[in-house]
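The block underneath contains the structure these notes are about, expressed in C-alpha cells.
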Amino acid sequence: MKFRVERDALADAVAWTAKSLPSRPSVPVLAGVLLRVADGRLHVSGFDYEVSSRVEVTVEADADGASLVSGRLLAEITKALPAKPVEIAAVGAHLELVCGSARFTLPTMPVEDYPTLPDLPASAGTVEASVFASAVAQVAIAAGRDETLPMMTGVRLELTGDTIALLATDRYRLAVREIKWSPRDPEINTTALVPARTLADTAKTLGPLGGEVTVAMATGGAGEGMIGFAAGTRHTTSRLLDGQSYPPVRSLFPASFNAEAKVPVSALAEVVKRVSLVAEKATPIRLSFSEDGLVVEAGGTEEARASEAMEATFTGEPLTIAFNPQYLIDGLGALGAPNALFGFTDPFKPAVLMPAGDDGEVITGYRYLIMPIRVGR
C-alpha cells in the first residue's frame, strides 16, 4: 500500500473514525483504524462490535493494500502535521508517514485479525442534516448516564409517517423534539432506541456537512437491531438498545397548565449561574413567581445565601418551585429561542419548558420537562 493525500483530508477522516474507538478495547486490534486503498480511494474504518465508522478520501495511489494502526496515535499525528501533502506507505510490519521533513514510523497490527465491518442497512429515508443535528443536541442532554440502566442512556426515535420524534429521559427530566423527514415508506411506523452518546457524536459530525442525512434501518432479518446514518462519504452504524419496555413518557406532559411564565432565556441562565455559586453541586435553587416578576434564590453551607430578582411575565397564582440548577441550565440552553415559556400545574409536579418568541407565542416542536425538588422554606 502506498499513496499520497492532502493533510487536512487525512486528518479529518482519521479524527472522525478514531473518535468512536474504545478507550479500553477488549482485544488490541479494536484500538486500530483500518486504512485500505482501492481504485484511487482511501477507506478509513473503525469498529468495536457496537459502533462502526467509515469515511472515504480521494488519494493518489501507487499501490493498493491495507494496514491497521493505532487510531488515537494516528489521529494525534495527522492533526499535528504541517500543512503539506502526506505520503504513506506500508513497509513490512510498519507504516511510514512522511509530510515535508516530518517522518513517522508506526507499528501495524494484523489486518486479518480485524473484524468485518457491518454493512449499512437499507435506507429508511432522509432528513435535513442541520435539522437532525439540532434535534439530537436538544434531546440528548436529557439522556441518562448510568450504565446500570442502559435503557435510559438512549434516545428513542419514533418514525411515524413524515415525522421523527426524538425522546430521552434520565427519570428526572425529559426532552422531546419532533422534526419532518422524507421516508421511503410513507406508512412507516417503527421505533429505535439509539445510544445517546453515539447519536450525539454522529449528529454533531454530520450536521455541518449540510445536505441530507440518510437514516438506515433494518426491518427484519440480517442487520436487525442496528441503525445507520450516512452523509457525503461518511457513514456510521450502531447497535440498538433494547427499548421494548421503554416507559410511556409522553403521558408525563400535562394537558393544561394552571400557571405560566415567560422569561428571557439568556438573562435567566445568567441569574441561575450566579445565584447557584453559593450552593453545593446539585443543591436546588428556588424560583418564586408572582405578578411582580421572578426571584431566584439559593442557600449553601455555612449560612451562605444568594438571591436575585428579574423581570418575568407571569399568569396564575404565585408559586415557588425548586430545580436542580444544572438541569435547568441544560434545558434553557437547548431551547434555541429568545424566551422560555414555563408551564406549571403544581409546585410539586413536573414543569414544562417550551421555546417562545418575543411575542410570547410557543415555538412548536420541542418540550423539556423537569422534575421539581422538594425543599424546606
Quick check against the 3.5 Å criterion: does [X] have a side-chain atom that pairs as donor or acceptor with the backbone of [Y]?
X: S20; Y: T17; answer: yes
X: R171; Y: T169; answer: no
X: Y327; Y: I370; answer: no
X: D8; Y: A11; answer: no
X: Q138; Y: A334; answer: yes
X: S251; Y: P248; answer: yes
X: N258; Y: T345; answer: yes
X: S134; Y: S130; answer: no
X: R367; Y: L174; answer: no

With the side chain counted from C-beta on, respond yes when [X] and [Y] share a heavy-atom pair under 4.5 Å apart, and no when they do not.
X: M354; Y: V352; answer: yes
X: S123; Y: R184; answer: yes
X: P264; Y: P338; answer: no
X: F342; Y: F257; answer: no
X: F253; Y: L369; answer: yes
X: L95; Y: T105; answer: no
X: P121; Y: I227; answer: no

Ion pair [X]/[Y], N-O distance below 4.0 Å:
X: D48; Y: R239; answer: no
X: R4; Y: D62; answer: no
X: R274; Y: E308; answer: yes
X: R177; Y: E158; answer: no

Aromatic centroids of F289 and F344 separated by under 6.0 Å: yes

For this output row, return yes or no: ring centroids of Y114 and F47 closer than 6.0 angstrom. no

Atom [atom1] of [X] and atom [atom2] of [Y]: how far apart are they, to the nearest 0.5 Å?
X: L30; Y: S26; atom1: CG; atom2: OG; value: 4.5 Å
X: N339; Y: L332; atom1: CG; atom2: CG; value: 11.0 Å
X: L287; Y: M310; atom1: CG; atom2: CE; value: 9.0 Å
X: W181; Y: D162; atom1: CH2; atom2: CG; value: 9.5 Å
X: T190; Y: L157; atom1: OG1; atom2: CG; value: 10.0 Å
X: D201; Y: K19; atom1: CG; atom2: NZ; value: 5.5 Å

Can you tell me if [atom1] on [X] sees more than 12 non-hydrogen neighbours from other groups inside 6.0 Å?
X: R7; atom1: CZ; result: yes
X: D39; atom1: CG; result: no
X: Q244; atom1: CD; result: no
X: Q326; atom1: CD; result: yes

Give me the one residue out of T237, T236, T116 that meets side chain to side chain donor-acceptor pair (under 3.5 Å) with S52.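 It is T237; the other options fail the test.
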
Name of the residue among R234, R36, R41 meeting side chain to side chain donor-acceptor pair (under 3.5 Å) with E56: R41

Does one hydrophobic cluster hold both [X] and [Y], with members joined at side-chain heavy-atom distances below 4.5 Å?
X: V111; Y: V69; result: no
X: L209; Y: V127; result: yes
X: L81; Y: W16; result: yes
X: L353; Y: L294; result: yes
X: F104; Y: V14; result: yes

